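Order of the sequence lines sets the chain letters (A, B, ...), proteins ahead of strands, with each chain counted from 1. Everything numeric in this text was worked out from a predicted model, so none of it was measured.
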Amino acid sequence: MEEEIIKVEGLTKDYGQGRGIFDITFSVKKGETFGFVGTNGSGKTTTIRNIMGFIKPQKGNVTVLNMDAWAKSCEIKNEVSYIPGEIAFPDLNNGITFLKNQAELLGLKDMNYADYLIQKLQLDPSANLKRMSKGMKQKTAIVAALMANKGLLILDEPTTGLDPLMRETFLDLILEEKQKGKTILMSSQMFDELERTCDRVALIYKGRIVDIADINELKSSTLKTYKIEFLEKTDYQKFKKLKYKIIRDQPQYYQVTVEIDDKDINKMFKTLTKYKVKFIAEIKFNLERHFKDILAKQLKGGEDVLQ
Amino acid sequence: MFFSKALFKQSMKANWIKWVSVTVATCVMLAIVIIVLGSLSINDIRDSLKNVFTQADQESVLKESAVDGYDAYVSTITFENGITNLTGNAYFPLLKGQITSTYDNNKTAYEEENGKMPTGEDLENIQLETATELVTLIKGFATIPGVGEMLEGISDEELSQFMLILVKTYENDSDGFNSTDNEVFITAVNTTYSQYVYQTAYEMYIAKEGETEESAQAAALMAQGLVAKALVYYSSEGFIYNESAFKAQATNEVNELLQSEALKSFNITDESTEEEKAQAEQYAVAVKVISNTAISTYELWLQEGATKEEAKIQASASITDQIDAEVAAALEELGDMDIYGLIIGSIFYRIAGLLLPMVYVIMVANGLLAGQVDSGSMAYVLSTPTKRRTVSTTQMLYLLVSLLAMFALLTAVSTVSVAIVGGNEFAINFREILLFNVGAFLTMFAFAGFCFMCSAIFNRTKYSLSIGGGISIFMLVCTILGLFGSDVVPSAMRIDQMNFFNYLSIISLFETTTILSGGLNYLIGFGILAAIGIVTFIVGTFCFDKKDLPL
């Protein structure tokens, strides 16, 4: 079995009024990139704070590198780099002073990697910390965290404030780190960036993990989804009588959405040549869709229970 | 172990401007207070007020001795006149015999009762007893012509005094007493009288507050001297027993005696300058005038029917005795007040000088922990291999070291300032200024601990500041209000109820008045302040270890 770098079991931190996190369980394996996705206030940051040992769990266990996250908080930091969700720097003059001070706290002597990161992110560290734009601050925070070149990266919404170009650069950087074999835990509100970088992504909703999706599995799925619109009503009705799996039906447009395995696709196209088709479109695989579907099903299920 | 150099440097970089501005401002204020107020000699008013009271006391003493001297002189004349009348009386030998037998009887009775001869106080009591018996006896014979004549113009009081002196003369010099030579008898009586006056004057003075053995002796000697003068005057040629004449003589003699005494006290020699001579002369004349005033007042009150004691009190009253007692007490207290010590100790070191360091402590203590947790910047420290305990102890150390450096500088500035202004009259010495600095540091140490504890407990700046800073400022304000109820403010301006505020502030533990008045009692307060600081720092450190941090 692969080594589990982060292990979270039954983690609960109840802040009352439904806020907090409840019974969170997951683990991150060595070399894996694990994503957290969820709306604001869903509990991503609270989970990360527990892993960092900033807050004490009410229930459950959090271990990092087989050490208790709360009790061994300091020892764990030897192996962890962290980008906090909120960007606020110590009361220091400029970026250079801050980075140097941070290096001293980290016990870091070799600044080569820091220089590399600064170049890559096109950061001007001599700027006044207080007058930096949000993006500049974020870049500075990224450099401060990554420069120590540690084996485990915990990144709380690291791309907020970055412009689209810089975001690309940053994601490249993450992939680079991943290639080096680093273990990464990263939270975000953006599905696409997690989809690109992560091996697995957990969806947190109202403090609970709703689903953990394996990106590779999703990507290599043979099931495809197509949207077909017919010109005539008769064709539409005839097609519906065929035994294809229709996941969405919009009669007003004579439109259906079909889920179909790759091996059956030729058969369906042959059938379709007999009909007057207005258009046919493949709906690409997408993490967002995946989670939205799951969430929709769960909510419906929830409603059923209520009824 | 629990120290991070990088974090310490970070705290220094973040707070050095605050430190410099607060330290410089406080040092400048302190230097101004010590140097400028010191050279303005603000204690002048106090000193002149004090002078008024000292002079008033001197005046009162002078007046009293004038009255006493006058009284001794006049009494002597009256006494001599009485004795002359007595000795000239036909019944006098009979009286002498009566005195001898009564006194001897009383002494024998004492001896039989106690088995020893009476001495000291017992002897004096027997003498008094004998005198009283004799007075009763004589008065019993008052209807006999000749005896009544003898008693004419003599009050009961005077009569018992005569008898006492005669008994004493018999005791001291029985040969002189029994002598048939009138002159020998009178000399013996006068010697006893002179001794009696000396003794009564000495006893009266030594019983008074503030009189020493020496001053009582001097006063008694003066009375004795005046008795001698009176005797000379009485026996002088052409003396006629005329009350107004001998009273005028008495006044003159007393005035001149006091004047010459005053002149003597200046130690004027041939080498003295003209100015010194003139000054001494002027003073001596003033003394004469005061003496004369006292005697006339005394005489006037006697004529108005006052007793000797009442008249003496009125005559010796000084300017301050004429003011209402409460006002006089308030003024005297104002004279005793140490304005310089009040401003430096109670106002600068307990209030004005604490304000800026307190603002520094409140701001920095909050910024060292709660501020960084609230903003989230603490995450950068705690995401490195730095223990929470290391963070709290390092920040605590920074707060303490910066505060210590601040007060080290204040101590240096105040010591130099005291050295610049310091002279003989200077109210503040090096020990006091050093203890003021130590006390102020310990007070700030307690506040620093408290603010640090609040900063460690709360995650939000607003709570840390409003509890830590709020209570600190509240205590400072209480000390300002409490000042108006404390002993350092003269009673004329004091509102005792305001003292209640002092119980609400730990600054009251820093007792500048105790330091100024000497002794070691201030150490208790110092100890408590240090303990408050130590306990709150430790509690803060532990709280910071245990709590959840929203980073």
Measure distances from [X] to the heavy atoms of chain A and classify the residue's part below 4.5 Å as side chain, backbone, both or neither.
{"X": "B:Gln372", "result": "neither"}
{"X": "B:Asp545", "result": "backbone"}
{"X": "B:Ser4", "result": "side chain"}

Crowded around [X] [atom1]? As in, over 12 foreign heavy atoms under 6.0 Å?
{"X": "B:Lys18", "atom1": "NZ", "result": "yes"}
{"X": "A:Lys120", "atom1": "NZ", "result": "yes"}
{"X": "A:Lys109", "atom1": "NZ", "result": "no"}
{"X": "B:Phe8", "atom1": "CZ", "result": "yes"}
{"X": "A:Lys72", "atom1": "NZ", "result": "no"}
{"X": "B:Met12", "atom1": "CE", "result": "no"}
{"X": "B:Phe542", "atom1": "CZ", "result": "no"}
{"X": "A:Lys7", "atom1": "NZ", "result": "no"}

So for [X], is it side chain, backbone, both, or neither that comes closer than 4.5 Å to the heavy atoms of chain B?
{"X": "A:Pro84", "result": "side chain"}
{"X": "A:Thr46", "result": "neither"}
{"X": "A:Lys13", "result": "side chain"}
{"X": "A:Ala141", "result": "both"}
{"X": "A:Leu92", "result": "side chain"}

- Spell out, as yes or no, whether a donor-acceptor pair under 3.5 Å connects the side chain of A:Asn78 to the backbone of B:Pro385.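 No.
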- Message: So does B:Asp548 get a backbone contact from the side chain of A:Arg49, meaning a donor-acceptor N/O pair under 3.5 Å?
- Response: no
Identify the heavy atoms of [X] and [Y] that sit nearest to each other, and give their distance.
{"X": "B:Gln10", "Y": "A:Asn101", "value": "OE1-ND2, 2.7 Å"}
{"X": "B:Lys9", "Y": "A:Glu104", "value": "NZ-OE1, 2.9 Å"}
{"X": "B:Arg388", "Y": "A:Trp70", "value": "NH2-CZ3, 3.4 Å"}
{"X": "B:Ser375", "Y": "A:Glu86", "value": "O-OE2, 4.0 Å"}

To the nearest 0.5 Å, what is the distance between [atom1] on [X] and [atom2] on [Y]?
{"X": "B:Leu382", "Y": "A:Ser73", "atom1": "CG", "atom2": "OG", "answer": "7.0 Å"}
{"X": "A:Leu105", "Y": "B:Thr386", "atom1": "CG", "atom2": "OG1", "answer": "5.0 Å"}
{"X": "B:Thr384", "Y": "A:Tyr82", "atom1": "OG1", "atom2": "OH", "answer": "13.0 Å"}

- Item | A:Asp91/B:Lys13 salt bridge by N-O under 4.0 Å criterion |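 Salt bridge flag = no for A:Asp91 with B:Lys13.
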- Does the pair B:Lys387 and A:Glu75 meet the rule for a side chain to side chain contact (heavy atoms under 4.5 Å, CB included), with working shown? CA-CA 9 Å; B:Lys387 278 195 165 65; A:Glu75 289 79 353; 4.1 Å; yes
- Item | Residue among B:Ala379, B:Pro550, B:Gly371 with most heavy-atom pairs under 4.5 Å to chain A | B:Pro550
- Message: I'd like to know whether the aromatic ring centres of A:Phe98 and B:Tyr380 sit less than 6.0 Å apart in this structure.
- Response: yes
- Message: Does any part of the side chain of A:Lys56, heavy atoms only, come nearer than 4.5 Å to the side chain of B:Lys546, both counted from C-beta?
- Response: no
